[in-house]
Amino acid sequence: MRHVRRFSSLSALCNQIKHNGPITVADFMRQSLRHPLHGYYSSRTKDIGSDFVTSPQVSSFLGEILGVWSCLAWKAMGQPSKFHFIELGPGSGLLAKDYVSSFAHISKLPLSNISMSLVEISNNLKLIQKSNLSSIIEDICWFDSLNNIPNDLPTLVIAHEFFDALPVHVFKKVNGQWAELLVDIASFEDNQLNFVQSQVSSVPKACLPPLDCSRDHIEVCLEGASKIEILAKRAHQQKHACLIVDYGHNGDEQDTLRGYFNNRQVNILEHFGSCDVTADVDFSFLSKHGEDNGLSILGPIEQGHFLLNLGIDLRLKNSLALQRNSDKRNALLNAFKMLVGPSNMGSRFKVMCLSSPELILHEDFSSAFK
C-alpha cells in the first residue's frame, strides 16, 4: 500500500513539474514532508520516528536539564505567576513531558498555572502528543502556525530538532557565481527526478554568503529566517526566550542535505514522501536574523557543554546511586555518553538562545552558555 501511495504522489509531483517547470529544493522538501495526503509527516502513524533516533528516545536526561534551564529563564522573567511554553515540532511529546515536569518540580509553580502551545501539522502526532502529555498538563492547545498563538504571557519556546526539517534552497558555486539547484524530471517514463542548475535565484542576494567564502555548496533556510522574525515580534511585545537545540554548524559546513529511511541515509529524490529530509542548521544565519530583529543571542555552543554546565553529570550520579540493576546502570551511562560525548550528540548538536534583550542581564540565565 505504501508503494502505491508513494507512486501516486510522485506522479502528481512529476505532472506538476511537467506543466510548470522545475521546482526549488525548498518546494520539493515542503511537498515531500508536509503534503496533507502523501507527506512524510502527515501520512505516517505508528512508525513515526523509526527512520531516525532523537534525544528523547535516548533518555529523559535532556528534557530534565531543559527543565532546569527553563526555570532559569522563568526567574530572569521575574518569576511570573503564570507561564507559557511553546514547542515547535514537538514529536511524540515525550521531551515536553520531561521538561515541564522538571520545571514544575524545581520552580514549585503549580501545573495549573502552566500553559502549553504545540505547533504541529500532523494529526497523527497530535494524538500521540495528547496521549503523552494529558496526564501532566491540562492547558494544552495545538496550532498549525506560530503566528496564530496568543502572546499574552511570558513565554519559553523550545525548538528541538525543528529547524533542521525546514525547507532549504540549495546553491552550488559555478564559474564564480552562486547557482541555485532545482528539481526536474530526468525520465518521464518512470518518474525519475534529478537536480538541474537554474540561471535565476529565488533567494535574495543578501541571504547568500559572499562568493569568496570557502564553501562551494550551501543551503539557505528562508523559512527559518521567517520563524526568527516572528519570534522577534513576539519578544518585543512580551518577554520571550527561544531555545534551539539541533544539529548544525556556524556557517562553515556545506552539502548537508540528506534523507533518512529505516535508519539509513538515502537519496531524497528516490524516496519522495517516504523518507525524512533534513539539512544541518546554519546557526550563524539564524543568529544574524535574530540580531537584525533586535533579539539577544547566547551561543551557539555544543550540546555537551550546555548540558554539563547545567549539571547533567550530577543528574547521572544521582540516578546511578539509586539504581542497582547493572543493565539499567549501563543504559544510564550509555545515554549520558550519547547526549554529551563529543563523538555523538554532544558535539554534533548545538544549542542557541534568542531572547528579549533584558533577559541576558541575569547572570544565571546566561551562565549555561559560558
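All values derive from a computational prediction rather than experimental measurement.
Nearest heavy-atom pair, Ser117 versus His84, reported as atom, atom and distance to 0.1 Å: OG-NE2, 2.8 Å. The two residues Val100 and Phe85 make their nearest non-hydrogen contact at CG2-CD1, 4.3 Å. The heavy-atom pair separating Asp313 from Phe336 by the smallest distance is CA-CE1, 3.9 Å. Summarising the geometry of Val168 relative to Met29, their closest heavy-atom pair is N-SD, 3.5 Å, with the distance given to 0.1 Å.
Looking at heavy atoms from C-beta onward, Gln254 lies in side-chain contact with Asp216 at the 4.5 angstrom threshold. Taking 4.5 Å as the limit, some side-chain heavy atom of Leu316 sits within range of a side-chain heavy atom of Leu333. Residues Asp276 and Leu33 form a side-chain contact, since some pair of their non-hydrogen atoms from C-beta on lies under 4.5 Å apart. His169 has its side chain within reach of Glu180: a pair of non-hydrogen atoms, C-beta onward, lies under 4.5 Å apart. Contact of the Asn113 side chain with the Phe83 side chain is not registered, since no non-hydrogen atoms from C-beta on lie closer than 4.5 Å. Contact of the Leu354 side chain with the Ile244 side chain is registered, since non-hydrogen atoms from C-beta on lie closer than 4.5 Å. Counting only heavy atoms from C-beta outward, the side chains of His362 and Lys75 never approach each other to under 4.5 Å. The shortest distance between side-chain heavy atoms of Met352 and Ile297 falls below 4.5 Å.
Residue His105 places its NE2 atom among 12 or fewer non-hydrogen atoms of other residues, nucleotides or ligands, all under 6.0 Å distant. Counting non-hydrogen atoms of other residues, nucleotides and ligands closer than 6.0 Å to CD of Glu363 gives a total of 12 or fewer. The local environment of NZ in Lys205 is sparse, with at most 12 non-hydrogen atoms from other residues, nucleotides or ligands closer than 6.0 Å.
Of the residues Ile312, Val245, Leu66, the one that meets the side-chain contact (heavy atoms from CB on, under 4.5 Å) test with Phe306 is Leu66.
Ring-centre distance between Phe283 and Phe163: not below the 6.0 Å cut-off.
A distance-only check finds a donor-acceptor pair linking the side chain of Ser122 to the backbone of Tyr41 [under 3.5 Å]. Under the 3.5 Å distance criterion, the side-chain polar atoms of Arg234 are matched with a main-chain donor or acceptor of Pro150. In this structure a side-chain-to-backbone donor-acceptor pair under 3.5 Å is missing from His271 to Val277. Between the side chain of Thr24 and the backbone N or O of Leu182, no donor-acceptor pair lies under 3.5 Å. At least one donor-acceptor pair closer than 3.5 Å links the side chain of Ser107 to the backbone N or O of Phe103. Panel note: side chain Ser356, backbone Leu359; no donor-acceptor pair is recorded below 3.5 Å. Side-chain atoms of Ser367 come within 3.5 Å of backbone atoms of Asp364 as a donor-acceptor pair (strictly under, hydrogens ignored). A distance-only check finds a donor-acceptor pair linking the side chain of Arg329 to the backbone of Leu320 [under 3.5 Å].
Taking Lys18 as the reference, Ile185, Phe188 meet the side chain to side chain contact (heavy atoms under 4.5 Å, CB included) condition, with sequence neighbours excluded. The side chain to side chain contact (heavy atoms under 4.5 Å, CB included) search around Leu211 returns Gln177, Trp178, not counting sequence neighbours.
A side-chain N or O of Ser284 and one of Asp282 form a donor-acceptor pair less than 3.5 Å apart. Using modelled atom types and a 3.5 Å distance limit, the side chains of Thr256 and Tyr247 yield no donor-acceptor pair. Under the 3.5 Å distance criterion, with hydrogens and angles disregarded, a donor-acceptor pair is assigned to the side chains of Asn191 and Ser11.
Contact check on Arg348 versus Glu302 returns no salt bridge, with no Lys/Arg side-chain nitrogen under 4.0 Å from an Asp/Glu carboxylate oxygen. The existence of a salt bridge linking Asp292 and Lys288 is confirmed by a sub-4.0 Å separation between a basic side-chain nitrogen and an acidic carboxylate oxygen. For the pair Lys173 and Asp212, the salt-bridge criterion is not met [side-chain N within less than 4.0 Å of a carboxylate O]. The existence of a salt bridge linking Lys227 and Glu223 is confirmed by a sub-4.0 Å separation between a basic side-chain nitrogen and an acidic carboxylate oxygen.
The salt bridge (charged side-chain N to carboxylate O under 4.0 Å, His left out) contacts involving residues 128-157 comprise Lys126-Asp144, where partners must be two or more places apart or lie in separate chains.
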Problem set entry | Full working for side chain to side chain donor-acceptor pair (under 3.5 Å) between Asn151 and Gln237 | CA-CA 8 Å; Asn151 190 22; Gln237 297 170 348; 3.2 Å; yes
For this session: Decide yes or no on side chain to side chain donor-acceptor pair (under 3.5 Å) for Gln16 and Gln31, but give the supporting numbers first.
Result: CA-CA 11 Å; Gln16 174 191 337; Gln31 294 194 51; 3.0 Å; yes
